[in-house]
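Data first, discussion second: the structure below is written as structure tokens.
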Amino acid sequence: MPWTAARARAWTGVGLAAVLVTGSVSAPAAAETGLIVTVSEVLTLPASDGFRDSVTVTVTAGAASTVELAVLGAAGQVVEQLPPLPLTDQDGDGRAEASITLSATDFPAGSYSVRATAPGSVAGTAALLVGTGEIRVVNVGAADDTLYPWPDGIKDAASATVTAMDETGAQLPFDGTVTLASGTQSASAPVSSVDGTAGEATVSAVRLPLGTATLTASLRGPAGEALTSAGVDVALRPTALAGATVTASATTVAPARDGLHDSISFTVAGWGASGDALPVTGEARLSLAGTTVKTWTVTPTSTAFAWDGRTGGTIVAGLYAVSVTVAGAQGAPTTATTSFTVSSKSLATISGKVRDGAVVAAAVADPGWGGAAGTAAYQWLLDGAAITGATTSSLTVAPSMVGHDLAVQVATTLAGSVRTGTSEARPVYAGAASERSLEQKLRSLIATLPGDYTVRVIEIDHGGRSVSIGGGSPHEPASSVKLFIAYAVYTKIDAGTLAYSTQLPSGHTVAKCLRAMIEPSDNYCAIELRNKVTMPYLNKLIDAGGYVDTHFWYSGGRTKVSSATDLARLIARLADGRLLSKKSTAAFLALLQTQVWREAIPPGLPFDVKQASKPGTLWEYGGMTQSDVAFVWGKKTRYSIAVMGYHGATIPSITKISKLVYTELQGKFSTAFVYNPQQMKATAALTLRAGAGMSAKAITTFPSGTKVEVIDSTYDWYLVKVGGRTGWVPNTHLVLRSPVN
């Protein structure tokens, strides 16, 4: 090209510029050894499109000088001889430099170099590349190699990154289209770059056929030519779960509400075949021993759940399971399970009966809660407020606390840090003061009654009140002692050594004699059952249970003895399920609830309160012996009561004792149970006979529903009074008229 004044002005370099060094040679720390030439970037044709139409050439030397510049061709020939370029030290840093600008209009596409020379210096060169501006390489990349074409916004579009390069490797501006093709269907999105940087595009995969899709980019560059990239494979998979998990936040939850492991949370997650997380829908179920405790609905926006660790507000310890059944937008459901333990432990607990007069103690968590307990600080709380001065590990419960809630706050070191927890608040129940009051009132009442009485009361619930008025004194128990005979029979039934169908010497079965011994208190069946279990077995069973005042023996006089304490303890253990199997317990209690002689303890109770009882009456030298023992399901608590009266004791006196005990333990009531001498009724037409047996003379027949008074019994034949007439009937069609509750 001819050199012109205009060109000379264009090549004149002034000042310094911060440039991108392209094709330069790294300069040593001291530049005096030679000249350093740098070229800012690649020139790209066409020359007038505003994209890389010029480059800056900078020459640096260790001292001021004038250098000769030339543009050399690929074979080293001089293509352009540039005018001399003076280098000056403009910054005072001992380095001299200057820059010039080269235009793309002056060079065809190809590879060049710029050479700088100066006397006394080593020449410097730098590569100068001039590109055609034609796209020679198109690169397209996908952010995800797996997509799910279900239209839920979850990985259902391809995020593509596109670049274009010419033959020099320089990135070019472009515009074009990105296409995702699967089978015969495809989707496209525009993509462009105005400055040669990467272009971004999002192509929807919604409703494209499942399988392997191909992602391509078709671009047009500065020179106007078009080029399509090679394809990138993208898997289009169904939104179906390959697996799911439910994760618990802990392996143990102790919901004592003391600030330590009080609750637990669960998180549900699902993933596809490629391992990607997928939204799930379904149900999470919490269960204990196969029984569902709680359920949650799982949705794509609701996958985390919390539980306070309580069932119906109560801590039920055990191993719990959480199972989930979930599905994605497509495909079959999948399941997952995890388990954890519910513990009733807490950082702070109260041991002992929480009742007035008792000494209760604070206990600190064991190492299972994170480390050995260190020195602890205590504060007792009543209804949540601190009790002044109550800062030791134990506390004597005062009568004024009855009816309030007691808790203890403990601060201790666990796992290297101080933790503070408050025990579960426990109600304070009546105890010592109530027992003293009841004992005094019973003694005062008994002093006014005919005969002598021993009494034992055992409360099963709450404060566990217990009162004894001579309860440990052995006496003749009359028919109440049949409780021990029945107990022995049921233990053998539970052990499998006796059956309800076992026939006794009289020809009656064990089942029939159990009913007769309890319902009308038949003595014949009592003797047969006692002999069947044997006296040694009966006494051994009594001794093993700790019934120290009870014994059976053969003699010409008294053959049995027991105490109010032994009788009350036996029926309390029975009703509380601590004596026999569940089945035998239910059978035994059913008999006691329907026995006919309910004129002693039951009338001292409200009419609608359930009770199970066994009385006894016997004439002895010195007067009547009257006894009754019952278990009472009171309005507030459960308790057993045994009253043994002798030396002329009366049934109404036992009723008064029963009413006093109930009122003191449960509260006053207005309507009491009324004993009706016509205890039973016929469920079918019955013939009244002159003796116990079908061969006895028939007296009369009475219809179903007739009320009868039971007077006595011989095995399963009852002596009854009906409409002023007395006779015998079988018990097969007789039932109790009005059992309590």
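- R456 pairs by the salt bridge (charged side-chain N to carboxylate O under 4.0 Å, His left out) definition with nothing, not counting sequence neighbours.
- Listed here is the closest heavy atom pair of S563 and D549: OG-OD2, 2.8 Å.
- In this structure, the side chain of T594 engages the main chain of A590 through a donor-acceptor pair within 3.5 Å.
- Of the possible polar contacts, none joining the K482 side chain to the A526 backbone as a donor-acceptor pair under 3.5 Å is found.
- Heavy-atom neighbours of K721 NZ from other residues, nucleotides or ligands within 6.0 Å: at or below the threshold of 12.
- Atom CD of residue Q503 and atom NE2 of residue H508 lie 9.5 Å apart, to the nearest 0.5 angstrom.
- Here the straight-line distance linking atom OH of Y524 with atom CG of D716 works out to 13.5 Å at 0.5 Å rounding.
- In this structure, Y662 and Y639 have tilted ring planes: the angle between them lies in the 30° to 60° band.
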| request: Just do the side-chain hydrogen bond (donor to acceptor under 3.5 Å, both in side chains) check on K512 and N731 with the steps written out, would you? | output: CA-CA 10 Å; K512 286 185 176 182; N731 67 6; over 6 Å; no

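- Not a single donor-acceptor pair under 3.5 Å links the side chain of E439 to the backbone N or O of S468.
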Show me the side-chain donor-acceptor pairs of residues 668-677 shorter than 3.5 Å, one per line, residues at least two apart or across chains.
| from | atom 1 | to | atom 2 | distance (Å) |
| --- | --- | --- | --- | --- |
| Y675 | OH | Q679 | NE2 | 3.1 |
| N676 | OD1 | Q678 | N | 2.9 |

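- Counting only distance, with no hydrogens or angles, the side chain of D494 and the backbone of S581 share a donor-acceptor pair below 3.5 Å.
- Every side chain to side chain contact (heavy atoms under 4.5 Å, CB included) that A575 has, sequence neighbours left out, goes to L589, F631, W633.
- No hydrogens or angles considered: a donor-acceptor pair under 3.5 Å links the side chains of Y718 and E519.
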Anything under 3.5 Å between a donor and an acceptor, one on a side chain of residues 348-361, the other on a protein residue two or more places apart or in another chain? List them.
| from | atom 1 | to | atom 2 | distance (Å) |
| --- | --- | --- | --- | --- |
| S351 | OG | A361 | O | 3.4 |
| R355 | NH1 | E435 | OE2 | 2.9 |
| R355 | NH1 | G463 | O | 2.8 |
| R355 | NH1 | G464 | O | 3.4 |
| R355 | NH2 | E435 | OE1 | 2.8 |
| R355 | NH2 | E435 | OE2 | 3.0 |
| D356 | OD1 | G431 | N | 2.4 |
| D356 | OD2 | A432 | N | 3.2 |
| D356 | OD2 | A433 | N | 2.8 |

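- Scored by the ring pair (Phe, Tyr, Trp, His ring centres under 6.0 Å) test, Y378 finds no partners at all (sequence neighbours excluded).
- Applying the ring pair (Phe, Tyr, Trp, His ring centres under 6.0 Å) criterion to Y490, with sequence neighbours excluded, gives F588.
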